[in-house]
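So the structure is just underneath, and the comments pick up after that.
Atoms considered below: every heavy atom in the structure, side chains included; atoms not considered: hydrogens, waters and symmetry mates. Bear in mind the structure is a predicted one, so any value in this text is a computation, not a measurement.
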Amino acid sequence: MKNKKNTDKKPESKIKKRLKEWISSPFSFLTLITVTALFILMLIIFLAEQSTNSQINTFFDAFWYTLVTITTVGYGDIAPASVTGRVAAMVLLLAGVAIFGALSGKFASFLFDRQQKKDKGLLKMQNMKNHFIILGWKPDFDRILEGIISANTEISIDKIVLVNNAPQTEIEKIKNVEKFKNLNWVKGDFTDDSTLLKAQIKTTERALVLADYSENFSTLEIDSRTVLAAITIKNLNPKIYCVAEILNSKFEKHLSLAHCDEIILSTDYEMNILFQASSGKGMSHILRKLIEEDSDSGILIQNIEEDFIGKTYGDYRKSLSTKNILVGLLENTGNFYHRRNEALAEAQKNPNMEQIVTNLKKVKTLKSNLPHFIPFDDYIIPRGAKAIFIYGESSK
């Protein structure tokens, strides 16, 4: 039996690979030549001046003079006296001007290139945490941004990242508005994990996936891309709070399976408003009044005091002194990931194995942000629930 040669090679470490790339680059070679030349000139000045010039009698003095000269500062506190030293100093002066000019150009080029990449949405977000990502593009995008900012006053503009394939001119129009100028933009396909990683999806707090009209997609393609984006987002960051807009309700099941925290059926909402308006009962005005951001009345979601968790709805209702009208509970609020983990921990507390299995089945069917209107007074308020109120002019 012949000895099998071991052809497996250990993968190169990233540090070694980058070191090789740096050494083999022309810029590195030029840097090495420049540093060597400067060192030789510094050594010449030191050897020429140490015995005759009291100002340069140590190697540090020569180093100080070289540094001051090549940076074109020129304090004048130290100067060579010998012919050899002065010739070396002249070369240093010329080299200093050339080096300073080259470095300034390189730095300016770097800044310009970075700004160009940022304007084109090609720059990877750096040090972004707990930010808000908006994926997709649609007409009247500026109005959508206005509404998002009004509804999320705690989020600053520089914490909002747009991820889409919209034309650069459209983004520029938005960013030309003073209040939107600090918006961040990543250009690319938001269903692609590499694009999402550029937007720092792993450290994002919330994501909103819009029905995307940036390209000539069909309705089926728009919803398919929304579902794919939600699945990818949740895989990359299970803790994220994800909201997704779809046009066709048949995709709702897929988003639920992806544990999307909120699903917006925009077409169904519009159609339902039209249906209700056709009855001539003024329903569309009621709905508008309830959801308008700048209205003097509407829907209010409030936390329930810890003392009432596990108590009855009736006890909580009777304890209220507000003029706002309690209309029900919003259950399993917040991020689905946290709610599910809490429900799992709670389900396993029961000593009865049969009851544990029943509880785990309930956890499997858990739905995030589930409204429960006007429950019976003996209904037990679960953990993670919030109160739903309607407020009006008299409650202010």
Side-chain angles (χ1 to χ4, degrees), residues 111 113-215 217 222 225-246 255 258-264 334-337:
L111 293 178
D113 183 57
R114 185 178 173 82
Q115 188 60 47
Q116 286 283 91
K117 284 184 177 179
K118 187 177 181 180
D119 292 341
K120 292 178 180 178
L122 303 175
L123 198 65
K124 182 180 178 180
M125 296 294 103
Q126 298 290 340
N127 303 320
M128 292 285 279
K129 288 183 179 179
N130 302 321
H131 51 297
F132 183 25
I133 293 182
I134 304 172
L135 303 99
W137 178 272
K138 59 197 306 181
D140 294 328
F141 196 79
D142 52 342
R143 288 185 62 191
I144 294 170
L145 277 174
E146 287 271 10
I148 289 170
I149 291 166
S150 298
N152 300 274
T153 51
E154 75 284 1
I155 300 176
S156 59
I157 286 292
D158 62 333
K159 283 282 189 179
I160 296 177
V161 182
L162 310 182
V163 182
N164 54 54
N165 259 327
Q168 187 180 339
T169 51
E170 293 293 335
I171 300 295
E172 285 173 354
K173 282 180 188 176
I174 296 289
K175 295 186 77 172
N176 281 337
V177 179
E178 180 64 25
K179 59 184 167 184
F180 297 145
K181 69 177 184 179
N182 291 324
L183 272 172
N184 299 288
W185 178 42
V186 173
K187 185 176 178 65
D189 184 355
F190 60 71
T191 64
D192 187 358
D193 56 355
S194 62
T195 303
L196 294 171
L197 290 170
K198 280 175 68 178
Q200 297 292 334
I201 192 68
K202 290 188 176 181
T203 55
T204 304
E205 184 179 15
R206 272 179 279 168
L208 169 62
V209 187
L210 298 172
D212 185 31
Y213 290 89
S214 62
E215 296 181 39
F217 297 121
I222 289 172
R225 284 168 52 76
T226 299
V227 172
L228 181 56
I231 292 170
T232 308
I233 287 167
K234 281 292 186 177
N235 281 336
L236 291 171
N237 183 359
K239 298 180 181 180
I240 197 171
Y241 190 94
C242 183
V243 182
E245 178 193 15
I246 51 174
L255 285 174
H259 304 309
C260 189
D261 297 288
E262 287 191 55
I263 302 166
I264 304 165
N335 184 274
F336 179 83
Y337 177 85

Might you point out which heavy atoms bring Asp261 and Lys234 nearest each other, and give the distance in Å?
OD2-NZ, 3.0 Å
With rounding to the nearest 0.5 angstrom, report the CG to CD1 distance, Leu210 to Ile264.
8.0 Å
Heavy-atom pair with the smallest gap, counting every atom of Ser150 and Thr153:
O-CG2, 3.5 Å
Any ring pair (Phe, Tyr, Trp, His ring centres under 6.0 Å) involving residues 187-213? Give me the pairs, sequence neighbours left out, ordered by first then second residue.
none
With a 3.5 Å distance limit and no angle check, can you tell me whether Lys175 reaches the backbone of Asn184 through a side-chain donor-acceptor pair?
no
Tell me every residue that passes salt bridge (charged side-chain N to carboxylate O under 4.0 Å, His left out) with Lys179, counting only those two or more places apart in sequence or in another chain.
Glu146
Partner set under side-chain hydrogen bond (donor to acceptor under 3.5 Å, both in side chains) for Asn165, not counting sequence neighbours
none
Could you tell me whether a side-chain N or O of His131 sits under 3.5 Å from a main-chain N or O of Ala199, the two making a donor and an acceptor?
yes
What heavy-atom pair brings Thr232 and Leu228 nearest, and what distance separates the two atoms?
OG1-O, 2.7 Å
Salt bridge (charged side-chain N to carboxylate O under 4.0 Å, His left out) involving Lys138 - partner list, sequence neighbours excluded:
Glu245
Who are the salt bridge (charged side-chain N to carboxylate O under 4.0 Å, His left out) partners of Arg225, not counting sequence neighbours?
Asp189, Asp212
If you compare all heavy atoms of Ile157 against all heavy atoms of Leu183, which two are closest, and at what distance to 0.1 Å?
CG2-N, 3.5 Å
So, taking the atom named CE in Met125 and the one named CD1 in Ile201, what distance separates them when rounded to the nearest 0.5 Å?
12.5 Å
We want to know whether Arg206 and Asn152 form a side-chain donor-acceptor pair, criterion being a heavy-atom distance below 3.5 angstrom.
yes
Mind checking the CD1-CG spacing from Ile233 to Asp193? Nearest 0.5 Å is all I need.
11.5 Å
Reported CG-to-OG1 distance for the pair Leu135 and Thr226, which is rounded to 0.5 angstrom
9.5 Å
I'd like to know if the side chain of Thr204 and the backbone of Gln200 have a donor-acceptor N/O pair within less than 3.5 Å.
yes
Give me each pair satisfying ring pair (Phe, Tyr, Trp, His ring centres under 6.0 Å) with a member in residues 157-181, each pair once, sequence neighbours excluded.
none
Val209 and Ala229 have their tightest heavy-atom pair at CG1-CB, 4.2 Å
d(Ile231 CD1, Leu255 CG) to nearest 0.5 Å is 7.5 Å
Minimum heavy-atom separation for Ala166 to Trp185, with atom names?
O-CZ2, 3.6 Å
Measure the spacing between CD1 of Ile148 and CG of Leu208 and express it to the nearest 0.5 Å.
5.0 Å
